[in-house]
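Read through the structure below, which is laid out as structure tokens, and then see the notes.
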Amino acid sequence: MYLKNFYIQASYLYKQNSMYQNSPVIFRSHDIYTLGAGWSNANWNMRLTAFNFFNRHWVVSRLDTESPLYSASDISYGTTSHARINLAVTYTFGYGKKARQGGEVGELQGASSAILK
């Protein structure tokens, strides 16, 4: 959502529990959620994003194998499920051919002919 030069975003990815086809392996993942806010103008873009702010574990996913003769668990660890904060600051400076600048993220307009100057 945009409010003049400021913007906010939120996302949520629900945990997954799924079984592989023709296999006794179950894939389990955790919830992933983000909350971000930022500010931009023609040259500057600043963004602060908080990831998984209630999680205190490092487990990304888990594979559980269950069969009558064999059982095993494979746990994947990483930073994508742990709480973290990301700050990104970018500055765009013009050089060369003049281009349209703006704070909006959008599709660039194409050339008016097949011959670029």
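Along the sequence shown, the residues carry numbers beginning at 1.
Taking the six-membered ring for Trp, Phe51 and Tyr33 have ring centres at least 6.0 Å apart.
The number of heavy-atom neighbours closer than 6.0 Å to OH of Tyr12, taken from other residues, nucleotides and ligands shown, is above 12.
At a threshold of 4.5 Å between non-hydrogen side-chain atoms, the residues Ile26 and Glu66 do not count as touching. Using a 4.5 Å cut-off on side-chain heavy atoms (C-beta onward), Arg47 and Leu87 make no contact.
Checking side-chain atoms of Asn55 against main-chain N and O of His57 turns up no donor-acceptor pair under 3.5 Å. The closest donor-acceptor contact from the side chain of Asn43 to the backbone of Tyr91 lies at 3.5 Å or more, if one exists at all.
Each of Ile32 and Ile85 belongs to its own hydrophobic cluster when Ile, Leu, Val, Met, Phe, Trp and Tyr are linked at side-chain heavy-atom distances under 4.5 angstrom. When the side chains of ILVMFWY residues are joined at heavy-atom separations under 4.5 Å, either directly or via intervening members, Phe53 and Tyr14 end up in a single hydrophobic cluster.
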### Message
Let's go through Gln9 and Thr34 carefully: what are the C-alpha distance in whole Å and the side-chain angles of both, what is the deciding distance for side chain to side chain contact (heavy atoms under 4.5 Å, CB included) to 0.1 Å, and is it a yes or a no?
### Response
CA-CA 8 Å; Gln9 73 146 46; Thr34 63; 3.6 Å; yes
### Message
Does Tyr7 form a side chain to side chain contact (heavy atoms under 4.5 Å, CB included) with Asn45? I'd like the steps, not just the answer.
### Response
CA-CA 11 Å; Tyr7 55 92; Asn45 189 349; 2.8 Å; yes
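Every side-chain contact (heavy atoms from CB on, under 4.5 Å) that His82 has, sequence neighbours left out, goes to Trp58. Every side-chain contact (heavy atoms from CB on, under 4.5 Å) that Phe27 has, sequence neighbours left out, goes to Gln16, Ser18, Tyr20, Ser29, Ser61, Leu63.
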Cut-off 3.5 Å, no hydrogens considered: what does the side-chain donor-acceptor table look like for residues 68-80, sequence neighbours left out?
unit_1	atom_1	unit_2	atom_2	d
Ser73	OG	Arg62	NH2	3.2
Ser73	OG	Asp64	OD1	2.8

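One finds the CG atom of Leu48 at 8.0 Å from the CG atom of Asn86 (value rounded to the nearest 0.5 Å).
The minimum heavy-atom distance between Ser81 and Val60, with the atom names listed, is OG-N, 3.8 Å.
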